[in-house]
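The structure appears below as structure tokens.
This structure is a prediction, so every number in the text was calculated from the model and none was measured. Protein chains get the first letters and strands the later ones, always in sequence-line order, with residue 1 at the start of each.
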Protein chains: 2
Amino acid sequence: MLTIGELSRATGVKIPTIRYYEQMGLMAAAERSEGNQRRYEPRERDRLSFIKHARDLGFTIEAIRELLELSAHPERPCADADEIAVRQLQIVRDKIAKLRPLEKELERIATRCHGDQIRDCYVLQSLASHELCVSEH
Amino acid sequence: MLTIGELSRATGVKIPTIRYYEQMGLMAAAERSEGNQRRYEPRERDRLSFIKHARDLGFTIEAIRELLELSAHPERPCADADEIAVRQLQIVRDKIAKLRPLEKELERIATRCHGDQIRDCYVLQSLASHELCVSEH
DNA sequence: ATAATAGCTATAGTAACTGGAGGAAAACAT
DNA sequence: ATGTTTTCCTCCAGTTACTATAGCTATTAT
């Protein structure tokens with residue numbers, strides 16, 4: 001049996017976050033010690049590790065809830081799980097696709113200012129209109 | 001003089017967002033019509049466009065507040081504005097740098113599952129441990 | 001004059017935590 | 001057994017940048 005602090009160190013999930021996951025129903029309400037402190041079984045640590053790994057990959061709590069639900073039914077087809085992963089991949093790709101033009105634009109803005117005074121500042125001029133932009137955003 | 005709806009259409013900023021910016025002090029409290037409705041001058045539209053452009057580039061409200069503050073002092077050096085832009089560039093680059101390994105990991109996870117049943121699902125197995133991961137995250 | 005459209009305030013909700021206050025339990029040292 | 005330190009408890013508020021709703025009023029068009 002693990003205390004919440006041990007569970008936290010074992011998984012890298014902060015203690016208030018563990019309690020938050022319990023509140024959200026991602027983790028079952030933990031067993032309690034005589035003095036009302038949470039105690040965890042190794043399988044609950046595995047579950048939390050799963051959640052952490054998925055969160056690190058950007059899956060939402062909702063998506064993780066679905067994945068956990070699915071994993072409770074070993075005999076079902078895994079098409080749903082695949083779809084959730086594909087969707088998440090798309091989300092990450094979309095984010096990258098949005099950030100890249102921002103990076104380009106900011107590179108231009110941040111590296112081209114050689115003015116001395118705010119009045120000539122390329123950064124502020126760039127933000128004031130889209131005329132200097134290399135792409136839409 | 002523009003109504004809030006006209007200002008919204010002119011800048012692409014939604015009406016509740018404009019009011020939110022006023023509340024946050026990014027926009028000055030607008031003049032009012034007899035019937036207490038907000039009325040805007042063209043220069044307030046320019047200011048809002050600036051804010052919008054900066055938000056689209058991912059600058060935080062706080063950063064934008066600083067930039068606006070700076071632009072009110074044309075004679076000052078523009079080093080501060082440059083620094084804010086450089087910082088934002090770094091933030092965007094960091095985000096991309098974090099997302100790329102996620103993309104790789106998700107590609108692997110999402111494209112390699114050929115199981116039929118949840119019990120063999122590569123997606124779920126990948127999330128259950130880090131053993132299959134190609135990189136740390 | 002009436003109807004349609006647009007605007008007002010105030011409040012609450014979103015996602016996923018994070019932090020603090022005030023107090024109780026557990027672990028360790030003497 | 002007692003004291004101290006560490007860990008834990010619950011509850012509540014704050015974070016970011018909006019977005020939505022309810023109930024009401026102003027403006028515009030017919």
Side-chain angles (χ1 to χ4, degrees), chain A residues 1-27 29-40 44 48 50-68 84 87-88 91-92 94-95 98-99 102 137, chain B residues 1-27 29-40 44 48 50-68 84 87-88 91-92 94-95 98 102:
Chain A
M1 297 288 271
L2 300 160
T3 67
I4 198 168
E6 289 162 349
L7 180 65
S8 171
R9 281 187 292 277
T11 57
V13 178
K14 287 182 186 154
I15 292 172
T17 305
I18 297 173
R19 292 198 273 248
Y20 169 76
Y21 287 162
E22 179 178 318
Q23 212 184 309
M24 293 297 101
L26 275 194
M27 297 290 288
E31 275 182 66
R32 298 297 178 118
S33 72
E34 269 189 30
N36 198 36
Q37 299 194 349
R38 291 172 178 81
R39 291 297 123 95
Y40 296 92
E44 303 184 272
L48 186 55
F50 181 100
I51 294 168
K52 172 84 159 81
H53 195 174
R55 281 298 296 134
D56 286 347
L57 288 170
F59 287 90
T60 63
I61 298 287
E62 261 330 292
I64 294 169
R65 200 192 296 283
E66 290 180 58
L67 290 169
L68 288 167
I84 292 170
R87 214 192 307 148
Q88 180 56 23
I91 288 168
V92 170
D94 289 350
K95 280 189 187 168
K98 275 187 188 154
L99 286 168
L102 299 198
H137 45 257
Chain B
M1 297 290 269
L2 300 160
T3 67
I4 198 169
E6 288 162 352
L7 181 65
S8 172
R9 281 187 292 277
T11 57
V13 177
K14 287 181 187 155
I15 291 172
T17 304
I18 297 172
R19 293 198 275 245
Y20 169 75
Y21 288 161
E22 180 178 317
Q23 211 185 309
M24 292 299 100
L26 276 195
M27 296 291 288
E31 273 181 68
R32 299 296 179 116
S33 71
E34 269 189 30
N36 198 37
Q37 300 192 350
R38 291 172 178 80
R39 292 297 123 96
Y40 297 92
E44 304 185 272
L48 186 56
F50 181 100
I51 295 169
K52 171 83 159 79
H53 195 174
R55 282 296 298 134
D56 286 347
L57 288 169
F59 287 90
T60 63
I61 298 287
E62 259 333 289
I64 295 169
R65 200 191 298 283
E66 289 179 60
L67 290 169
L68 288 167
I84 293 170
R87 212 193 307 148
Q88 179 58 22
I91 288 169
V92 169
D94 289 350
K95 279 189 189 169
K98 276 187 187 152
L102 299 198

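Taking atom CG of residue A:Leu7 and atom C1' of nucleotide D:dC9, one finds them 16 Å apart after rounding to whole Å. Distance A:Tyr20 OH to D:dG14 C1': 14 Å, rounded to the nearest Å. Rounded to an integer number of Å, the gap from CG of A:Leu48 to P of C:dA16 is 16 Å. For A:Ile64 and C:dA16, the CD1 to P distance is 8 Å, given to the nearest whole Å. A straight line from CD of B:Glu34 to C1' of C:dG7 spans 15 Å, rounded to a whole angstrom. In this structure, the CD1 atom of B:Ile4 is 12 Å from the C1' atom of C:dT9, given to the nearest Å. Atom pair B:Ile51:CD1 and D:dC18:P shows a separation of 10 Å (rounding to whole Å applied). Here the P atom of nucleotide D:dT16 and the CD atom of B:Gln23 are 14 Å apart, to the nearest Å.
Partner of A:Arg38 under the side chain to side chain donor-acceptor pair (under 3.5 Å) criterion, chosen from A:Glu44, A:Glu31, A:Glu22: A:Glu22.
Between B:Thr3 and C:dG7, a side-chain N or O to OP1/OP2 separation shorter than 4.0 Å is present. Put simply, A:Arg38 has no side-chain N or O that comes within less than 4.0 Å of OP1 or OP2 on D:dC8. Contact annotation: B:Ser33 side-chain N/O to C:dG7 OP1/OP2 distance is not under 4.0 Å. Look at A:Tyr21 and you'll find a side-chain N or O under 4.0 angstrom from OP1 or OP2 of C:dC17.
In this structure, B:Phe59 reaches neither bases nor backbone, as no heavy-atom distance under 4.0 Å exists between it and the strands shown. Residue A:Arg32 is in sugar-phosphate contact alone, with no base atom involved, counting any heavy-atom pair closer than 4.0 Å across all strands shown. If you check every strand for non-hydrogen atoms under 4.0 Å, B:Arg19 touches a base.
Toward the 5' end of DNA chain D, the nearer of the two residues A:Arg9 and B:Lys14, judged by each one's closest nucleotide, is A:Arg9. Between B:Arg39 and A:Gly5, the residue anchored nearer the 5' end of DNA chain D, judged by the nucleotide with its closest heavy atom, is A:Gly5. Remark on DNA chain C: of its neighbouring residues B:Asn36 and A:Glu62, the 5'-side contact belongs to B:Asn36, judged by nearest-heavy-atom nucleotide.
Picking from C:dA16, C:dA25, D:dC18 the nucleotide with the shortest atom distance to the side chain of B:Thr17 gives D:dC18. In this structure, of C:dG7, C:dA25, C:dC17, it is C:dC17 that holds the atom nearest to the side chain of A:Ile61.
Considering every non-hydrogen atom in both A:Gly5 and A:Ile15, the closest pair reads CA-CD1, 3.9 Å.
Between B:Asp56 and B:Lys52, at least one side-chain nitrogen of the basic residue sits less than 4.0 Å from a carboxylate oxygen of the acidic one, meeting the salt-bridge criterion.
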*Run the numbers on A:Glu62 and A:Arg65 for salt bridge (charged side-chain N to carboxylate O under 4.0 Å, His left out), then give the verdict.*
CA-CA 5 Å; A:Glu62 261 330 292; A:Arg65 200 192 296 283; 2.9 Å; yes
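A donor-acceptor pair under 3.5 Å is absent between the side-chain atoms of B:Glu66 and the main chain of B:Ile84, judged by distance alone.
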